[in-house]
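Bear in mind the structure is a predicted one, so any value in this text is a computation, not a measurement. Computed from heavy atoms alone, side chains included, the values below leave out hydrogens, waters and symmetry copies. Protein chains get the first letters and strands the later ones, always in sequence-line order, with residue 1 at the start of each.
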2 protein chains.
Amino acid sequence: MPGRPAITLDRSSPIPLYFQVAEQFEAAILSGAIAPGDRIDNEVDLARDLGLSRPTMRQAIQTLVDKGMLVRKRGVGTQVVHGKVRRSVELTSLYDDLARAGQEPRTEILHLRRSPADEETAQELRVAEGAEVWSLERLRFVGDEPLALMRNYLPIGLIDLAGADLEHHGLYATLRRSGILIRVARQRIGCRRATTAEATRLRERRGSPLLTMQRTAYDDAGQAVEFGRHAYRPELYSFDLTLVER
Amino acid sequence: MPGRPAITLDRSSPIPLYFQVAEQFEAAILSGAIAPGDRIDNEVDLARDLGLSRPTMRQAIQTLVDKGMLVRKRGVGTQVVHGKVRRSVELTSLYDDLARAGQEPRTEILHLRRSPADEETAQELRVAEGAEVWSLERLRFVGDEPLALMRNYLPIGLIDLAGADLEHHGLYATLRRSGILIRVARQRIGCRRATTAEATRLRERRGSPLLTMQRTAYDDAGQAVEFGRHAYRPELYSFDLTLVER
DNA sequence: GACCTTTTAATGTCAGGACAATTGCTTGAC
DNA sequence: GTCAAGCAATTGTCCTGACATTAAAAGGTC
């Protein structure tokens with residue numbers, strides 16, 4: 001029946017206070033210290049007891065509401081949502097995802113070269129059709145099984161991929177280390193039959209269903225940074241997402 | 001070069017001020033009155049000119065940032081994101097989606113009955129295995145083409161589906177009208193071959209790839225109110241989503 | 001001209017307060 | 001006993017103010 005976890009604040013830390021509070025609430029929820037369905041204490045009391053202002057406390061709770069872990073009801077209170085919280089689709093690469101899950105991913109670079117952009121790629125990256133772009137094709141494994149075939153296109157001049165260690169760090173981590181921060185991405189998830197070439201690479205039969213994802217990512221200047229066409233083996237991969245009504 | 005659209009505020013309206021501002025900014029962006037890449041005026045000036053406080057103005061901008069339409073950069077400003085804003089995955093039903101797109105959807109109810117919950121359904125809805133739940137199966141058309149086969153399971157007692165007009169209103173609208181508000185939903189998107197029964201219903205060949213979506217929806221009390229297993233024809237449907245880094 | 005420092009401008013964080021709106025419960029009348 | 005009015009609890013909205021942090025631009029020095 002704890003209406004709140006034990007929370008310690010470090011005011012000298014550069015980590016924002018609302019974030020510290022949110023983190024510790026999240027840990028308490030994930031560990032089960034606060035059970036699903038439990039009501040947490042009201043904002044005013046929490047703020048007073050922690051020595052915070054109410055807006056700061058509200059901001060902490062809001063971040064968890066946005067994550068789908070808490071639900072607020074005016075006149076009632078704030079509750080922990082039922083149902084285990086699956087990881088939602090995030091702005092991270094598959095490599096990061098797998099590494100976090102401890103699955104030991106491995107990447108094989110099939111090719112990395114400069115080539116003219118096809119029509120769709122040019123449109124997504126906002127370059128002229130036929131203009132040169134980086135073209136990267138990779139095959140990702142979990143253990144010995146091929147998992148995904150990934151084709152990425154990046155505008156030239158943004159980054160020099162030739163020297164990047166793409167086998168060990170993932171595309172997004174490579175971009176981050178070059179100071180390129182992805183802020184917005186638009187994805188389209190679909191499904192189609194494997195081509196012969198895809199089937200060979202992924203060790204599937206020709207015509208097997210593949211889960212596909214197209215993504216265009218934009219940096220914090222709103223510029224298109226990456227366009228990708230990926231294909232996943234559906235027995236090994238799916239997209240989990242949490243939707244929250246505002 | 002407009003740093004802002006013309007904004008009118010109605011302080012007597014029950015619609016929150018921050019929402020009024022966000023709506024009008026959104027309209028200006030969608031209409032192209034503010035072009036992608038344009039920087040909008042800074043928060044302080046906007047707040048002053050509109051006669052609002054800065055937190056309110058910030059809240060307005062934040063809602064659009066959350067939607068992926070704007071990007072903020074500390075020390076720099078706030079910009080309109082490039083790339084047309086596709087509809088993101090929202091907490092609405094397919095019926096709502098299609099109706100909004102003016103596609104004239106049509107729904108055929110294949111069956112609506114009470115039946116014992118299988119293991120997965122029972123777990124998702126948090127009822128005992130074998131307990132009775134509503135079982136609803138529908139086939140959705142766009143024009144003459146079957147688009148999706150939808151199987152939904154709802155706990156009994158929450159709502160009486162027997163009298164609902166599911167052919168014309170969609171499941172979520174029906175729930176809304178009964179005072180049940182969906183606040184959080186978890187989805188898993190995948191892909192597999194069609195079974196014979198599915199292929200017949202969807203006018204596909206047996207073994208054709210189908211896009212699948214599993215969803216569990218929770219109301220504002222955190223209770224599971226719906227579990228669904230849907231299958232879509234991949235030539236006619238895909239999932240678009242916008243991801244935003246927080 | 002290249003490089004470092006300072007300035008400036010913008011968003012990020014936080015405080016404290018006030019009132020509104022909604023909900024659920026209690027109390028009272030019938 | 002039942003129903004409705006009132007009340008208390010809780011989140012929603014909005015205000016004013018302050019300082020911190022970051023990034024780009026401007027300026028000065030070598």
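Mapping heavy-atom proximity under 4.0 Å, the span of DNA chain D touched by chain A runs 5' to 3' from D/dA9 to D/dT13.
B/Arg11 places its CZ atom 14 Å from the P atom of C/dA20, with the value rounded to the nearest Å.
Applying the salt bridge (Lys or Arg N to Asp or Glu O under 4.0 Å) criterion to B/Glu129, with sequence neighbours excluded, gives no partner residue. In this view, A/Arg48 and A/Asp45 satisfy the side chain to side chain contact (heavy atoms under 4.5 Å, CB included) rule, not counting sequence neighbours.
Side-chain contact, B/Thr121 with B/Asp118: a donor N or O sits under 3.5 Å from an acceptor N or O. A/Asn152 and A/Arg229 form no side-chain donor-acceptor contact under 3.5 Å, judged by distance and modelled atom types alone.
With a 4.5 Å cut-off on side-chain heavy atoms, B/Gln214 and B/Glu120 count as touching.
Cation-pi check for A/Arg113 over A/Trp134 is not met; the charged atom does not lie both under 6.0 angstrom from the ring centroid and within 45 degrees of its normal.
Within 4.0 Å of A/Arg48, counting heavy atoms only, lies no atom of the nucleic acid at all.
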Letter by letter from the 5' end, nucleotides 6-12 of chain C scores (B base, S sugar-phosphate only, - none; protein heavy atoms under 4.0 Å) ----BBB
Kindly list each side-chain donor-acceptor pair under 3.5 angstrom involving residues 14-28 of chain A, sequence neighbours excluded, with atom names and distances?
unit_1: A/Gln20; atom_1: OE1; unit_2: A/Asp10; atom_2: N; d: 2.9
unit_1: A/Gln20; atom_1: NE2; unit_2: A/Asp10; atom_2: O; d: 3.0
unit_1: A/Gln20; atom_1: NE2; unit_2: A/Ile15; atom_2: O; d: 2.9
unit_1: A/Gln24; atom_1: OE1; unit_2: A/Thr8; atom_2: N; d: 2.9
unit_1: A/Gln24; atom_1: NE2; unit_2: A/Thr8; atom_2: O; d: 2.8
unit_1: A/Gln24; atom_1: NE2; unit_2: A/Gln20; atom_2: O; d: 3.4
unit_1: A/Glu26; atom_1: OE1; unit_2: A/Lys67; atom_2: NZ; d: 2.9
unit_1: A/Glu26; atom_1: OE2; unit_2: A/Lys67; atom_2: NZ; d: 3.3

Output a table of donor-acceptor pairs, distance under 3.5 Å, between side-chain atoms of residues 72-79 of chain B and any protein atom two or more places apart or on a different chain; print 'none' if there are none.
unit_1: B/Arg72; atom_1: NH1; unit_2: B/Glu43; atom_2: OE2; d: 3.1
unit_1: B/Arg72; atom_1: NH2; unit_2: B/Gln62; atom_2: OE1; d: 2.1
unit_1: B/Gln79; atom_1: NE2; unit_2: B/Gly37; atom_2: O; d: 3.2

